[in-house]
Amino acid sequence: MKDPKTYYIKTYGCQMNELDTEVMRGQLERRGMTKVEEEAQADLLIFNTCSIRDLAERKVMGKLGLLGRRKNTDQIIGVTGCMANAKKATLFRKIPYINFVLGTNDYHKLNDVLDDVLATGQKGLGIQNKFSEELDYAGAKRDDKVKAYISIIRGCDKYCTYCVVPYTRGPEVSRSPQDIIHECKILADKGYKEITLLGQNVNSYGKDKPEWNCLFHDLLYQLDNIDGIERIRFMTSHPVDITRNLMEAIRDLPSMCEFIHFPIQAGSSRILKKMHRIYTLEQYLEKVDLLKKIVPNAALGTDIIVGFPTETHEEFMETYNIMKQIEYSVAFLYTYSERKGTPATRFKDTIPDDVKQERLHMLMDLQEGIYKKQRQALVGSTAEVLIEKRSSKDPRFLKGRTRCWKNTLIEGSDSLIGTLQQVRVNDFTNQTLLCELLHQEASLIS
Ligand code: 5AD
Ligand code: SF4
């Protein structure tokens, strides 16, 4: 097999996969490889996959199936990510021209596996259940120059009955505070302004390492101290682990953005119990009330699954009414997808597809109205925006986000990229706030 010079990584799924792709890119570039923009031109093609829902898996399998017809058969093909953990060596049987399969806990072995495949022509396989903590995050190759993802904990111990993550990513393993702080300082020195702390459940941070004496909110206090890091976000949380200490950190630390992902999943306590979410609707609402008391201007995000096995129309309406009451500023809405090996399979997927779709569309319509109302209410107000890049769709505008994660478009020069600006909201479109700089650029320079 010829030594690959170029690579292309196609990434599916969540932000953790995006970061894992950046870590793999760092390793490949250190062995002298360069990224190409077209899959067909790459000597090495990697599919970093997701298996959270059936649709995500079908997309990848469809894509891998099509590769059998490709012209460039010298291409080395690897499958990484959650599907690699879920399907392991069976992938070689299903798609015989795959050269290696590497799970989410084995990326530190990428170059070794590649070397083995090149030397022997044999298939390479690396699948561990537990994260090994040897991953070189600091060597990640990032395209974004303003914002960066930072992994702080991997895996999940919550075992929601519908979810594959505890099986594909394994148990929770926190990364040491020293390592995280070191990486953030390097990023700050390079000019990064915003970090998003990643984990399947960041609020569990440090619980697996009591000897560190550093829980999630303790880590936040340390990160807030780093010069140059202007904004800290985190993704994603489990409501049970959202503590008063965390809420106070959001209130007290200047760099903490007032946006919190608070995924409810369902509005019925019976369904929440079947989901093994370990909170009732009342307990969830108590926490939301506490948050609103401590951080009155906090914006809330959520994830919701409709059509969970046995969900009645009335129970679905409980979800609908809670969404209406809370008015989330971001909502990711899904239909239940049965995943092999998860405990929910024993409940039988009882809700017909057309009912699931109808419920989903009801929530989507409701949320559209809420988004519109929220954007309308912001017209005339001022906000702080981190200017991220020029819009590729409409190059007249720069793109950025408010502290509460609202998309904005602003006219201005490239010199503003990477800076925090005060803007006035003048108007809005379906997904974006249209803003103008409060201090025009000329006055900023003088
Ligand atoms: N079916 C539908 N949605 C799911 N999620 C996780 N597992 C499933 C599933 N089997 C959703 C949850 C989770 C988000 C990342 O994906 O809402 O919070
Ligand atoms: Fe999945 Fe639940 Fe863990 Fe989130 S908390 S990753 S939904 S098991």
Side-chain angles (χ1 to χ4, degrees), residues 12-19 49-59 81-83 85-86 104-105 131 151-174 196 198-205 207-208 216 234-242 260-268 271-279 284 287 300-311 316 319 322-323 328 330-351 353 355-357 359-360 363-364 367:
Y12 298 83
C14 65
Q15 292 93 340
M16 191 63 99
N17 264 14
E18 285 177 39
L19 174 60
T49 62
C50 166
S51 47
I52 196 92
R53 281 168 290 276
D54 185 47
L55 185 66
E57 279 199 356
R58 272 190 287 143
K59 265 195 212 160
C82 289
M83 256 176 82
N85 294 70
T104 53
N105 298 325
F131 183 59
S151 171
I152 65 162
I153 179 169
R154 295 178 71 109
C156 183
D157 291 346
K158 285 286 182 286
Y159 289 95
C160 302
T161 55
Y162 50 80
C163 187
V164 287
V165 169
Y167 313 97
T168 57
R169 288 199 169 256
E172 288 169 1
V173 179
S174 299
T196 301
L198 288 187
Q200 268 70 39
N201 179 17
V202 287
N203 317 101
S204 285
Y205 179 78
K207 288 187 185 170
D208 57 318
F216 184 49
F234 54 91
M235 198 76 172
T236 177
S237 328
H238 190 293
V240 156
D241 296 319
I242 295 178
I260 181 160
H261 199 63
F262 218 128
I264 189 170
Q265 308 294 358
S268 142
I271 294 294
L272 287 171
K273 190 161 184 210
K274 274 183 110 61
M275 287 178 162
H276 187 61
R277 287 295 287 178
I278 51 180
Y279 52 83
Y284 179 89
K287 278 225 166 143
L300 291 179
T302 197
D303 292 348
I304 288 179
I305 301 175
V306 296
F308 189 77
T310 76
E311 181 189 66
F316 161 70
T319 303
I322 286 299
M323 267 186 74
Y328 293 103
V330 179
F332 298 104
L333 308 171
Y334 309 105
T335 53
Y336 171 70
S337 167
E338 186 174 280
R339 310 309 293 128
K340 215 172 124 206
T342 60
T345 52
R346 71 172 182 266
F347 302 139
K348 295 215 176 71
D349 190 4
T350 50
I351 314 292
D353 269 350
V355 176
K356 283 184 190 165
Q357 286 302 326
R359 291 179 186 174
L360 179 71
L363 293 191
M364 284 163 67
Q367 190 58 31

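Numbering of ligands and ligand atoms starts at 1, following listing order. All values below were derived from every heavy atom in this structure, side-chain atoms included, with hydrogens, water molecules and symmetry-related copies excluded. What you see is a predicted model; the values in this text were computed from it and never measured. Counting begins at 1 with the first residue of the sequence.
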Does [X] use its side chain to pair, donor to acceptor, with the backbone of [Y] at less than 3.5 Å?
| X | Y | answer |
| --- | --- | --- |
| Asn17 | Thr49 | yes |
| Tyr284 | Gly267 | no |
| Thr161 | Lys274 | yes |
| Arg277 | Pro239 | no |
| Ser237 | Asn203 | no |

Around [atom], find the nearest protein heavy atom and jot down its residue, atom name and distance.
| atom | result |
| --- | --- |
| atom 7 (S) of ligand 2 | Tyr162 OH, 3.4 Å |
| atom 16 (O) of ligand 1 | Arg53 NH1, 3.0 Å |
| atom 15 (C) of ligand 1 | Asp303 OD2, 3.8 Å |
| atom 8 (S) of ligand 2 | Cys160 N, 3.4 Å |

(request) In plain terms, say whether Lys356 and Glu311 are close enough for a salt bridge, that is, a side-chain N and a carboxylate O under 4.0 Å apart. (result)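 Looking at Glu311 together with Lys356, the answer is no, because their closest N to O distance does not fall below 4.0 Å.
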
(request) Any chance you could measure Tyr334, atom OH, to Ile52, atom CD1, to the nearest 0.5 Å? (result)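 Atom-to-atom, Tyr334:OH and Ile52:CD1 are 8.0 Å apart.
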
(request) Give the contacting part of Pro166 toward ligand 2: side chain, backbone, both or neither, where contact means a heavy-atom distance below 4.0 Å. (result)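 Near ligand 2, Pro166 shows its side chain, while the N, CA, C and O stay back.
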
Using a 4.0 Å heavy-atom cut-off, say whether [X] meets ligand 1 through its side chain, its backbone, both or neither.
| X | answer |
| --- | --- |
| Gln265 | side chain |
| Tyr162 | both |
| Thr335 | backbone |
| Ser337 | both |

(request) Would you please indicate yes or no on a ring centroid separation below 6.0 angstrom for Tyr167 and Tyr159? (result)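 Aromatic pair counts; centres sit under 6.0 Å.
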
(message) Only heavy atoms of Arg339, strictly under 4.0 Å: list the atoms of ligand 1 that pass.
(response)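 Every atom of ligand 1 under 4.0 Å from some heavy atom of Arg339: 10 (N).
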
(request) Give the numbers and elements of all ligand 1 atoms closer than 4.0 Å to a heavy atom of Ile305. (result)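 Those qualifying, in numeric order: 3 (N), 4 (C), 5 (N), 12 (C), 17 (O).
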
(message) Taking backbone and side chain together, does Cys163 place any N/O/S atom at a distance below 2.8 Å from atom 2 (Fe) of ligand 2?
(response)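 Given the 2.8 Å cut-off, Cys163 does not count as a ligand of atom 2 (Fe) of ligand 2.
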
(request) Would you check whether Arg277 reaches within less than 4.0 Å of ligand 2, judged by its heavy atoms? (result)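 Contact check Arg277 vs ligand 2: positive.
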
(message) Is it true that Asp208 and Ser174 share a donor-acceptor pair across their side chains at a distance under 3.5 Å?
(response)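 A donor-acceptor contact under 3.5 Å links the two side chains.
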
(request) Output the list of atoms in ligand 2 that are nearer than 4.0 Å to some heavy atom of Cys156, sorted by atom number. (result)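 Matching atoms, with element in brackets: 3 (Fe), 5 (S), 6 (S), 8 (S).
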
(request) Provide the number and element of each atom of ligand 2 under 4.0 Å from a heavy atom of His238. (result)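 In order of number, 5 (S).
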
(message) Both conditions, 6.0 Å and 45 degrees, for the charged tip of Lys287 above the ring of Tyr279: are they met here?
(response)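 Not flagged: Lys287 not positioned over aromatic ring of Tyr279.
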
